[in-house]
A.B. asks: 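Below are the structure tokens for one structure; questions will follow.
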Amino acid sequence: MFYNHNIQKTTCKRKAVADDEDFATSPKKRMSVDNQDFVMKALERMEACDLGLIGDASSTHSLPTMSGKHTDLPTIDSSTMSSLFDSSSNFTIIDCRYPYEYQGGHIQGAINIYTEQGIQTFMESRLHSTKNDILIFHCEFSSHRGPKLMRFLRSMDRKQNSHRYPELNFPEIYLLDGGYKAFYQHNKVQCNPQAYLPMLHEDHSKDLRHFRVRSKSWTAGEKRTRSRRVIRSPY
């Protein structure tokens with residue numbers, strides 16, 4: 001028996017639209033103290049249907065996404081990343097590798113953030129920005145460090161904007177498939193310097209231990225704080 005995903009998406013979309021129309025035309029629902037819960041549930045249904053909406057559900061993704069390892073994270077390939085340099089889009093690349101990896105070669109214009117504290121500092125620096133950029137996260141392979149900090153930013157963004165859900169300061173964020181290694185192999189001309197230093201390079205074993213301890217010590221402190229709160233999906 002074959003399952004038609006297009007039918008599922010169409011059904012979900014009709015349900016979401018019906019919910020929006022019901023909300024717009026019902027005075028009782030507009031005046032109800034439960035409006036926020038109503039909107040949250042409607043948006044969760046839309047996200048679950050994979051309609052390609054950005055985080056605040058205001059529009060679809062402006063970049064073509066692909067199916068990646070992390071199914072909960074919007075993902076782009078190296079070709080899409082490369083084409084952004086020739087576009088008019090405002091974007092910020094967040095390189096989540098350790099500093100010695102970043103210094104050994106990174107995508108042009110990328111900023112290096114490898115701790116949750118660094119993400120918080122970045123968010124605070126953009127707090128009063130009238131229009132925030134598209135954010136693109138990656139690490140060496142976009143397997144662990146990049147996805148982890150991407151989820152952390154979305155979680156903090158949800159928390160900071162809980163009073164006006166579903167609005168976000170950074171509604172459009174992406175993960176770069178394959179990370180820096182894949183991008184370097186695709187287009188090293190857009191890397192600076194044009195080199196690739198693996199995390200496990202034998203000349204940097206001491207650096208690796210140092211930065212792992214730094215990133216884990218901050219994360220451990222955050223986990224103790226979060227353990228007292230109920231955890232819900234940031235998406």
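Just so it is clear, the model here is predicted, and its values are computed rather than measured. For the single chain, residues carry numbers from 1 onward in sequence order.
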A.B. asks: Does a side-chain heavy-atom distance below 4.5 Å link M150 with L135?
C.D. replies: no
A.B. asks: Return yes if some donor-acceptor pair links the side-chain N/O of H186 with the main-chain N/O of A182 below 3.5 Å, else return no.
C.D. replies: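 No, because the side chain of H186 does not come within donor-acceptor range (under 3.5 Å) of the backbone of A182.
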A.B. asks: Search all heavy atoms of Q194 against all heavy atoms of K188 and return the closest pair with its distance.
C.D. replies: CG-O, 3.1 Å
A.B. asks: Taking N112 for its side chain and R97 for its backbone only, find out whether a donor-acceptor pair lies under 3.5 Å.
C.D. replies: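 At least one qualifying donor-acceptor pair exists.
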A.B. asks: May I ask you to test the L84-L63 pair for a side-chain heavy-atom distance under 4.5 Å?
C.D. replies: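 L84 vs L63: side chains touch.
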A.B. asks: Report all side-chain donor-acceptor pairs from residues 196-203 shorter than 3.5 Å, counting only partners two or more places apart or in another chain.
C.D. replies:
{"unit_1": "Y196", "atom_1": "OH", "unit_2": "E140", "atom_2": "OE2", "d": "2.4"}
{"unit_1": "H201", "atom_1": "ND1", "unit_2": "D203", "atom_2": "N", "d": "3.0"}

A.B. asks: So which atom in H70 and which in P147 form the shortest heavy-atom distance, rounded to 0.1 Å?
C.D. replies: NE2-CG, 3.4 Å
A.B. asks: Could you tell me whether a side-chain N or O of H106 sits under 3.5 Å from a main-chain N or O of C191, the two making a donor and an acceptor?
C.D. replies: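 Checking the backbone N and O of C191 against the side chain of H106, no donor-acceptor pair under 3.5 Å is found.
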A.B. asks: Ignoring hydrogens, what is the shortest heavy-atom contact between T92 and I111? Give both atom names and the distance.
C.D. replies: CG2-CD1, 3.9 Å
A.B. asks: Is R145 close to F137 at the side-chain level, that is, under 4.5 Å between some pair of heavy atoms?
C.D. replies: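 No; the side chains remain at least 4.5 Å from each other.
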A.B. asks: Answer yes if M81 and Y174 sit in the same cluster of Ile, Leu, Val, Met, Phe, Trp and Tyr residues linked by side chain heavy atoms under 4.5 Å apart, and no otherwise.
C.D. replies: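 Looking at the clustering, Y174 is in the same group as M81.
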A.B. asks: Considering only heavy atoms from C-beta outward, does the side chain of I76 approach that of L175 to under 4.5 Å?
C.D. replies: no
A.B. asks: Can you sort out the partners of F183 under ring pair (Phe, Tyr, Trp, His ring centres under 6.0 Å), two or more places apart, ordered by chain and number?
C.D. replies: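 Scan of F183 (ring pair (Phe, Tyr, Trp, His ring centres under 6.0 Å), adjacent residues dropped) gives none.
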A.B. asks: For Y98, enumerate each residue passing the side-chain hydrogen bond (donor to acceptor under 3.5 Å, both in side chains) test, keeping only those at least two apart in sequence or located in another chain.
C.D. replies: none
A.B. asks: Compare every heavy atom of Y180 with every heavy atom of I107, then report the nearest pair and how far apart it is.
C.D. replies: N-CE1, 3.6 Å
A.B. asks: Taking D177's backbone N and O only, do any of them form a donor-acceptor pair with S142's side chain (distance below 3.5 Å, no angle check)?
C.D. replies: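 A pair under 3.5 Å: no.
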A.B. asks: Got E101 and D95 here, is their nearest side-chain heavy-atom distance under 4.5 Å?
C.D. replies: no
A.B. asks: Mark yes or no for whether S87, through its side chain, and S89, through its backbone, hold a donor-acceptor pair below 3.5 Å.
C.D. replies: yes
A.B. asks: On a heavy-atom basis, which atom in Y114 and which in S215 lie closest, and how many Å separate them?
C.D. replies: O-CB, 4.0 Å
A.B. asks: Just do the side-chain hydrogen bond (donor to acceptor under 3.5 Å, both in side chains) check on D77 and S79 with the steps written out, would you?
C.D. replies: CA-CA 6 Å; D77 61 19; S79 178; 4.7 Å; no
A.B. asks: Return the minimal non-hydrogen interatomic distance between C96 and L149, and the atom names on each side.
C.D. replies: SG-CD1, 3.7 Å
A.B. asks: Are the side chains of H144 and C139 in touch, meaning some heavy atoms are under 4.5 Å apart?
C.D. replies: no
A.B. asks: So do D157 and M123 actually touch side chain to side chain, heavy atoms under 4.5 Å?
C.D. replies: yes
